[in-house]
Number of protein chains: 2
Amino acid sequence: MAATILLVEDEPGIQELVKFNLSQAGHAVMCADSAEQALMITRETLPDLMLLDWMLPGMSGIELARIFRTDVRMKQVPIIMLTARGDERDKVLGLETGADDYITKPFSPRELSARIKAVLRRRAPQMTEDRVEVRGLSLDPVSHRVIGNNVALELGPTEFRLLHFMMTHPERVYSRAQLLDHVWGDHVFVEERTVDVHIRRLRLALEVSGHEDLIETVRGAGYRLSAQS
Amino acid sequence: MAATILLVEDEPGIQELVKFNLSQAGHAVMCADSAEQALMITRETLPDLMLLDWMLPGMSGIELARIFRTDVRMKQVPIIMLTARGDERDKVLGLETGADDYITKPFSPRELSARIKAVLRRRAPQMTEDRVEVRGLSLDPVSHRVIGNNVALELGPTEFRLLHFMMTHPERVYSRAQLLDHVWGDHVFVEERTVDVHIRRLRLALEVSGHEDLIETVRGAGYRLSAQS
DNA sequence: TATCATATGACAAGAAAATGACAAGAAAAT
DNA sequence: ATTTTCTTGTCATTTTCTTGTCATATGATA
């Protein structure tokens with residue numbers, strides 16, 4: 001659960017403290033002591049989450065949050081507000097600007113990291129939930145099941161993703177590099193030949209219901225899932 | 001069928017009336033007289049359902065609904081719109097925004113509670129008092145009993161809730177994070193691995209009647225209750 | 001045939017899940 | 001109020017499953 005966190009806090013003491021705790025928890029921390037600086041930093045690297053103090057010199061935390069929420073690029077960065085105890089009433093009002101959660105100072109490291117975890121956890125992207133079906137082979141992302149001719153097939157996580165991708169993009173050749181990008185993710189360093197191995201594993205799994213010929217090898221180009229019999 | 005319901009309604013008379021009826025029906029009611037206040041309340045406790053007046057001072061009901069639907073955390077809270085007498089345009093718009101149902105004022109307490117029940121049944125079946133049965137295992141929320149093949153099973157509170165949730169949402173994989181949100185509650189901070197432990201405890205309890213294989217592990221994805229034999 | 005691309009089998013490192021044990025806390029009983 | 005019994009969340013450990021890579025076999029192509 002290591003994330004890049006942007007901490008916006010003007011008080012040096014608290015900044016240090018929080019920074020220490022977050023680092024301890026394995027996060028990469030970037031610090032800013034003003035909203036303006038936060039914006040600059042954000043231009044460079046988009047954080048996975050922002051911890052934002054309410055009271056800041058210059059532009060207030062609320063204003064910064066509002067800017068974040070209107071900007072396409074930063075719109076989806078979760079924000080946790082840090083508010084001082086006491087004047088919760090006003091501050092809570094500001095939460096409608098789109099903070100995901102808030103913590104009142106003082107807070108324990110434990111609570112902080114728990115909230116961070118909870119907020120991050122909800123931001124997990126979910127893929128399409130539509131069931132795909134090709135030549136008697138059906139894959140259901142919701143139940144995470146693959147059934148070929150009424151036989152349940154067993155495939156590992158990677159094979160599942162691979163099949164899902166190919167079933168949703170049939171009749172089209174994908175090079176190993178493209179498959180790596182789409183199925184593994186584009187910043188993964190993996191040998192291209194590895195794709196071969198997974199294709200084989202996938203075919204092996206599909207053999208149970210006789211769907212192994214669904215995936216065709218296109219020599220010199222890559223692989224293709226063919227819908228025609 | 002006790003649910004936590006957030007009522008957003010600016011007119012004091014109606015607010016009181018509805019509040020009374022809902023409490024009568026055994027629900028926990030939270031009231032807000034503006035969209036802004038509703039958002040504040042929601043930060044604290046996520047309701048099981050929101051009753052939302054169309055016309056509100058400040059931010060309108062529609063806008064609030066829209067915010068709910070884009071927020072990861074509130075996305076799944078069912079919304080019932082309260083609209084003044086049947087303007088079809090409103091209805092359509094309301095439903096498009098993601099309301100689950102709408103009621104036109106004036107409405108009878110009877111109708112209100114019927115619709116609430118219907119919506120909950122659809123969106124949050126584990127909130128209802130209906131008995132669930134899967135492959136010879138039956139769970140009755142009313143008597144708080146679980147019986148598998150005529151054998152009474154003993155399970156702790158958390159295991160009971162976990163099983164109830166999974167039985168009302170079969171054939172669907174839930175990640176640990178999702179299970180935490182649905183079974184533990186969304187403001188609870190617990191390690192994801194804890195889910196594993198409770199799944200194990202649940203399986204252990206189900207072993208007595210041989211239903212332990214009902215709960216399947218989907219590696220890399222989460223857990224699933226399988227309805228098929 | 002010589003060469004290149006793909007298939008296949010094996011394997012070790014690593015990730016994910018299952019399991020057992022434990023202490024703090026809540027609830028119930030006294 | 002105190003003791004006893006359960007429940008819960010977390011950790012450390014073990015077990016099981018995945019995955020990327022390599023070496024080698026097989027097959028296509030020129």
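Throughout, protein chains are lettered first and strands after them, A, B, ... in sequence-line order, and every chain is numbered starting at 1. Since the model is a prediction, treat every value here as computed from it, not as a measurement.
- In this model, no side-chain donor or acceptor of Arg219(B) finds a partner on the base of dT18(D) within 3.5 Å.
- Here the C1' atom of nucleotide dA25(D) and the CG atom of Asp196(A) are 14 Å apart, to the nearest Å.
- A salt bridge is absent between Arg145(B) and Asp140(B): the closest approach of a Lys/Arg side-chain nitrogen to an acidic carboxylate oxygen does not fall below 4.0 angstrom.
- Atoms CD (Glu212(A)) and P (dT6(C)) sit 20 Å apart, rounded to a whole Å.
- As the counterpart of dG9(D), dC22(C) is assigned, both hydrogen-bonding distances of the Watson-Crick or G-U wobble pattern falling under 3.5 Å.
- Rounded to an integer number of Å, the gap from CD of Glu216(A) to P of dA7(C) is 12 Å.
- Here dC11(D) presents its P atom at 13 Å from CD of Glu192(B), a figure rounded to the nearest Å.
- Note: CZ (Arg193(A)) to P (dT6(C)) measures 5 Å, nearest angstrom.
- Taking the charged nitrogens against the carboxylate oxygens, Glu133(B) and Arg131(B) do have a contact shorter than 4.0 Å, which makes a salt bridge.
- The side chain of Trp184(A) places an N or O atom within less than 4.0 Å of a non-bridging phosphate oxygen (OP1 or OP2) of dG20(D).
- If you measure from atom CG of Leu155(A) to atom P of dT19(D), you get 10 Å, rounded to the nearest angstrom.
- Remark on DNA chain D: of its neighbouring residues Thr194(A) and Val195(B), the 5'-side contact belongs to Val195(B), judged by nearest-heavy-atom nucleotide.
- Distances shown here put every side-chain N or O of Tyr223(A) at or beyond 4.0 Å from the OP1 or OP2 atom of dA5(C).
- A residue-by-residue look at Val197(A) and Gly222(B) shows that Val197(A) has its nearest nucleotide of DNA chain C further toward the 5' end.
- Summarising the base pairing, dA7(C) is matched to dT24(D) through a Watson-Crick or G-U wobble pair whose two defining distances lie under 3.5 Å.
- Between Ala221(B) and Ile199(A), the one whose closest nucleotide on DNA chain C sits nearer the 5' end is Ile199(A).
- Distances shown here put every side-chain N or O of Thr217(A) at or beyond 4.0 Å from the OP1 or OP2 atom of dA5(C).
- Taking 3.5 Å as the limit, the base of dG20(D) and the side chain of Arg201(A) contain a donor-acceptor pair of atoms between them.
- Side-chain N/O atoms of Thr158(B) include one lying less than 4.0 angstrom from OP1 or OP2 on dT8(D).
- Rounded to a whole Å, the CZ atom of Arg176(A) is 14 Å from the P atom of dT21(D).
- One interatomic measurement links the two molecules: CZ of Arg200(B) to C1' of dT8(D), which rounds to 12 Å at whole-angstrom precision.
- Residue Arg122(B) qualifies as enclosed at atom CZ: its count of foreign heavy atoms under 6.0 Å is above 12.
- Of the inter-residue distances, the one linking Ile199(B) atom CD1 with Leu179(B) atom CG reads 6.0 Å to the nearest 0.5 angstrom.
- The side-chain heavy atoms of Val134(A) and Leu139(A), taken from C-beta on, include no pair separated by under 4.5 Å.
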